[in-house]
Amino acid sequence: MRNRTNQIPDLGYIGLDRARNIYFQLTPAELVEEALKRNEGVLADTGALAIDTGEFTGRSPKDRFIVEDEITRDSVWWGNVNIKFDEEKFDALLQKVTGYLADRDIFVRDSCACANEKYHIDIRVITETAYQNLFVHHLFLRPELINTSLAPEWTIIAAPGFKADPEIDGTRQHNFSIINFTKKIILIGGTGYTGEIKKGIFSVLNFILPHEKKVLSMHCSANTGAKGDTAIFFGLSGTGKTTLSADPERGLIGDDEHGWSDYTIFNFEGGCYAKCADLTPEKEPQIFNAIQFGTLLENINFIKGTRTVNFSDIHKTENTRAAYPLYNISNAVIPSIGSSPKNIFFLTADAFGILPPISKLTPEQAMYHFISGYTAKIAGTETGVTEPKATFSACFGEAFLPLNPVTYANLLGNKIKGHNVNVWLVNTGWSGGPYGKGKRIKLKYTRAMITAALNGELENTAYTEHPVFGLMMPVSCPNVPDQLLDPKNTWANAENYEEKAQNLATLFIKNFEQFANLSSPEIINSGPNVTISV
């Protein structure tokens with residue numbers, strides 16, 4: 001069997017027209033069958049395909065490169081995030097990878113990204129394994145009609161079995177993910193982690209859409225209410241982005257990657273790639289119920305002697321994942337498009353216990369906190385670490401930004417002002433003290449605050465200003481204790497709180513120094529104030 005349609009695409013343009021067998025556009029059931037036949041994984045009792053991604057159970061940011069050429073040389077934000085790769089080295093490595101795959105069976109899928117057809121791009125993904133192709137089926141959009149006579153706009157090649165020679169090939173080690181904007185190829189090797197495929201095309205869109213189309217690309221989730229009101233949620237890992245956007249009372253537009261054009265929010269993807277550590281039907285019923293036949297489970301563990309997944313067992317990795325198409329979510333919005341948002345939520349898990357549970361931002365404050373992309377890792381994750389650790393990831397997705405973060409922030413600010421959007425900073429972390437002393441803010445309170453913001457119930461309440469961060473804090477919110485709304489009131493020692501607030505503010509200011517030269521004075525002055533005496 002070579003494919004189910006007998007319409008093999010011409011892969012001569014990529015040097016793979018003589019591959020041993022080409023499996024094109026297989027259904028999920030066929031891909032599961034091929035994966036089982038090739039010992040790539042096993043079936044869980046839900047019918048989901050469970051696989052291990054091997055050496056890498058997450059992305060490898062230091063091994064992500066962008067080819068430096070005429071398109072990228074003067075526009076990419078070069079540095080630790082975007083590492084330069086030589087054009088000639090890329091061409092030689094591409095030839096090696098296609099030569100490696102030419103002796104093997106390959107799986108090919110034509111798909112696309114961007115639910116708004118005005119901006120969608122066609123993508124051909126060539127994978128060495130069936131499970132990778134199943135992932136592509138789920139995560140990218142699935143066009144009804146495929147024209148195999150046309151070469152796609154972008155091509156992704158993923159060969160986990162191929163290992164580079166760093167001294168010859170110009171990579172850092174044997175694995176790599178390289179984007180070539182001129183040839184429109186993403187080349188991935190030495191890693192079986194499927195997230196490299198997903199984030200590769202996200203990085204491409206983060207360059208194309210803002211740079212060429214003036215569309216804001218965003219690492220966020222989005223949902224919509226019964227009246228068509230859209231909300232978007234930004235947040236780093238562990239802040240509750242997926243959990244809080246998965247509201248049974250609202251339709252899910254998407255859980256991770258979106259664009260904001262003049263009047264619409266649109267999903268880049270056709271599925272979800274959800275973390276599933278400690279997943280339960282009580283905490284996250286939508287994700288739990290989406291795991292069914294055809295779902296791809298990565299690096300999970302079974303209850304001993306069964307095929308039942310033990311989601312609390314993370315001895316392989318904390319980054320266990322479930323990949324499934326958006327139609328597995330009962331309240332998914334299809335096509336995945338919504339109106340421009342009425343509310344934006346920046347989620348942070350502040351383990352220092354300093355930031356308010358909810359506060360309203362001015363457009364300039366929104367741009368400052370968007371560029372900052374703050375959250376905090378809890379203490380105890382490393383030997384000798386006794387204090388929480390501040391983490392800043394620009395635009396809540398720094399690892400995927402080819403352009404300077406200020407570019408995205410300026411687009412965001414223009415859209416917030418143009419559409420009169422409410423922007424909220426929501427602390428899903430600690431109150432009453434830092435991690436180890438205070439308590440994590442209850443999920444029911446966070447949900448109540450977000451619901452109140454969505455329903456307009458915070459529009460007419462009084463606000464007070466945070467003395468260090470300048471954030472406007474509501475003095476009351478339905479179904480939330482008033483004392484919780486001002487974090488200083490939850491600490492036993494007010495002076496200790498103010499001292500720690502100054503310390504956190506200093507970290508914000510130090511982090512922002514790298515962006516100050518491109519930021520306006522209004523944005524810079526919207527940061528915290530560290531001149532207040534404590």
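- In this structure, H258 contributes its side chain and M218 its backbone to no donor-acceptor pair below 3.5 Å.
- I201 contributes atom CD1, which lies 9.5 Å from atom CD of E257 (distance to the nearest 0.5 angstrom).
- The nearest pair of heavy atoms linking S217 to F268 is CB-CZ, 3.8 Å.
- In this pair, F512 and Y368 present their aromatic rings parallel. The plane angle is below 30°, not in the 30 to 60° band.
- Note on ring orientation: taking the six-membered ring where Trp is involved, the planes of F135 and Y273 are perpendicular (angle over 60°, cut-offs 30° and 60°).
- Y497 and G353 make their closest contact through CE1-O, 3.8 Å (heavy atoms, listed as atom of the first residue, atom of the second, distance).
- Ring planes of H369 and F469: tilted class, angle from 30 to 60°.
- In this structure a side-chain-to-backbone donor-acceptor pair under 3.5 Å is present from R64 to V81.
- Aromatic rings from F370 and F234 are positioned such that their centres are separated by under 6.0 Å.
- For Y374 and F346, the distance between ring centers is not under 6.0 angstrom.
- In this structure, the separation between CD on Q286 and OG1 on T243 is 10.0 Å, given to the nearest 0.5 Å.
- Using modelled atom types, one side-chain atom of N82 and one backbone atom of L401 make a donor-acceptor pair closer than 3.5 Å.
- A salt bridge links K199 and D256; the closest N-O separation between the charged side-chain nitrogens and carboxylate oxygens is under 4.0 Å.
- With rounding to the nearest 0.5 angstrom, the CD atom of Q132 is 8.5 Å from the CD1 atom of I51.
- One distance of note links CZ of F311 with CG of L279; it measures 5.0 Å at 0.5 Å rounding.
- At least one donor-acceptor pair closer than 3.5 Å links the side chain of T428 to the backbone N or O of T239.
- Residues N267 and G254 come closest through the heavy atom pair ND2-CA, 3.4 Å.
- Using cut-offs of 30° and 60° for the angle between ring planes, the F202 and F400 rings count as tilted.
- Ring orientation note: the planes of Y435 and W430 are nearly perpendicular, at an angle over 60° on the 30°/60° scale.
- With H138 contributing its side chain and G294 its backbone, the two residues share a donor-acceptor pair below 3.5 Å.
- Here K360 does not pair with E459 in a salt bridge; the nearest charged N to carboxylate O distance is not below 4.0 Å.
- The only member of N319, T320, T194 that meets side-chain hydrogen bond (donor to acceptor under 3.5 Å, both in side chains) when paired with E298 is T194.
- Looking only at distances, no side-chain donor or acceptor of N223 sits under 3.5 Å from a matching main-chain atom of R250.
- With rounding to the nearest 0.5 Å, the separation of OG in S177 from CZ in F85 is 11.0 Å.
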